[in-house]
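Below: one structure, written as structure tokens.
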Amino acid sequence: MKGIDIEAIHNRRISPPVALGSYPASDVTFLLKDLSDVSLERGTAEREEAIQSGVHYSEMLPVEYQPTEQYIELFHETLQLTARKVALAVAVVSEMIVARRGTENTVLVSLARAGTPIGVLIKRYILEKYGADLPHYSISIIRGKGIDENAVLYMLQQHGRDAELQFIDGWTGKGAIRQVLIEACESMHKKYGITLNDDLAVLADPGHCSGTYGTREDYLIPSACLNSTVSGLMSRTVLRDDLIGAEEFHGAKFYKEWLDSDLSNVFVEAITPYFAEVAAEALAQAAGMLEHPPEITWQGLADIRSIQDTFGIDNINLVKPGVGETTRVLLRRVPWRILVDRLDNPNLRHILLLAEDRGVPVEVYPGLTYSCCGIIKPLKGESE
């Protein structure tokens, strides 16, 4: 981070963080303003109409999906079946981070909220394997509005000019957030002279748009199944001028009322016991990827354009590829149809269950790069 005007950064008076979320404080610090007492939720149909009429998605929140007992059982079953696989992906990503950046000045920066549980796991792995207790923050990044600059500046105030910020998310879809991150890092350089590494570490990169990943298989990461109850009971992030001041972090709600049904720490504790078992395998995989860096092709975008042509969809934001993004469509948008590579794909059991629950048609779409793709019902105007 050469060329930083560190005095200018330190002179920026940023409101300090408050305790948020259901994770132990040692796992993560949320750099978010607490909006728990503000009414922000809108019903799915109302919110969809607002988004497609031009209201930015970050100005309101969806009503959180309350899963059925059958769906919760599926979450636990999936977690049990995939815990080692997720642990291996976490370990591979962690080994790549340590090899590239070391442990001296690295700061883990999860993108709220899907990145938060993954950041917690990476922090835990590096602590267990290398004895390094890396700082870990969760911050907001919003498509169309960018990264929370106050959060970035706060971390630099805390950790100095030599801090190496490693951004983390759960998975990639078509790469929209990866693009926002690249643009945000360029913007921070122009505004503050800060040079940030725009590398985005993810567990799964089916969109082929990240160079730091555990796998490119489009599989179900169990944390994608749920919303706040697997992400520290935090809502999506919110950015509205009437709620967020110039020296405040982007906002979010902390759903304390759901503590009894919170599975955030259950998810983490199911995966961490496998770290020692997968460490050697992960080290070998990471070494191979470091020796022969994977190509970033953005190949998933070709799928999206094909789907747009097939179904006559003008707005690319209505097409949400990959298991994680399709799950989000079913949980909080108005889905039109779900495309799958094949009906017997074991990664799609929860997708098929949610689609049946919401009465959404499922179609096989041959040649799909991803396991599945969710299409939001087109209304009018812009979309999330």
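Counting only heavy atoms from C-beta outward, the side chains of Ile307 and Leu368 approach each other to under 4.5 Å. The shortest distance between side-chain heavy atoms of Tyr23 and Thr116 falls below 4.5 Å. A 4.5 Å side-chain heavy-atom check between Glu363 and Val340 finds every atom pair outside the cut-off. Counting heavy atoms from C-beta outward, Ser94 and Ile122 have side chains that approach closer than 4.5 Å. In this structure, Val180 and Ile147 have side chains that are not in contact, with every pair of non-hydrogen atoms separated by 4.5 Å or more. Lys33 is listed as a side-chain neighbour of Ile244, based on a closest heavy-atom distance under 4.5 Å.
Inspection of the Tyr154 and His159 side chains reveals no N or O donor paired with an N or O acceptor under 3.5 Å. No hydrogens or angles considered: nothing links the side chains of Ser235 and Ser228 as a donor-acceptor pair under 3.5 Å. Side-chain atoms of His350 and Thr78 include no donor-acceptor pair closer than 3.5 Å.
Checked against side chain to side chain donor-acceptor pair (under 3.5 Å), Asp262 has the following partners two or more places apart in sequence or in another chain: Ser22, Ser264. Taking Arg113 as the reference, Glu64, Asn227 meet the side chain to side chain donor-acceptor pair (under 3.5 Å) condition, with sequence neighbours excluded.
The backbone N or O of Cys225 sits less than 3.5 Å from a side-chain atom of Tyr71, completing a donor-acceptor pair. The backbone N or O of Leu239 lies less than 3.5 Å from a partner atom in the side chain of Lys145, making a donor-acceptor pair. No side-chain donor-acceptor contact under 3.5 Å links Asp199 to the backbone of Gln166.
Screening Glu277, Glu281, Glu217 for a salt bridge (charged side-chain N to carboxylate O under 4.0 Å, His left out) involving Lys85 leaves a single residue, Glu217.
Under the 6.0 Å distance and 45° angle rule, Lys129 does not count as a cation-pi partner of Phe275.
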For ring-ring contact (aromatic ring centres under 6.0 Å, His included), just list the numbers for Phe254 and Phe30, CA-CA rounded to whole Å, side-chain angles, deciding distance to a tenth of an Å, and then say yes or no. CA-CA 11 Å; Phe254 174 24; Phe30 287 95; 8.2 Å; no
In sequence, state the C-alpha distance, the side-chain angles, and the governing distance for Asp34 and Lys253, and then conclude on salt bridge (Lys or Arg N to Asp or Glu O under 4.0 Å). CA-CA 6 Å; Asp34 188 2; Lys253 297 184 80 164; over 6 Å; no
Run the salt bridge (Lys or Arg N to Asp or Glu O under 4.0 Å) test on Asp133 and Lys123 for me, step by step, so that the C-alpha distance in whole Å, both residues' side-chain angles and the decisive distance to 0.1 Å come before the verdict. CA-CA 7 Å; Asp133 191 7; Lys123 177 183 170 74; 2.6 Å; yes
Taking it one step at a time, do Lys377 and Glu48 satisfy salt bridge (Lys or Arg N to Asp or Glu O under 4.0 Å)? CA-CA 9 Å; Lys377 187 175 182 180; Glu48 190 64 54; over 6 Å; no
Verify side-chain hydrogen bond (donor to acceptor under 3.5 Å, both in side chains) between Ser58 and Arg236, making sure each step is shown before the conclusion. CA-CA 8 Å; Ser58 67; Arg236 298 202 64 185; over 6 Å; no
Please report the C-alpha distance between Glu247 and Arg13 in whole Å, then the side-chain angles of each, then the deciding distance to 0.1 Å, and finally whether the salt bridge (Lys or Arg N to Asp or Glu O under 4.0 Å) criterion is met. CA-CA 7 Å; Glu247 296 178 337; Arg13 297 187 181 279; over 6 Å; no
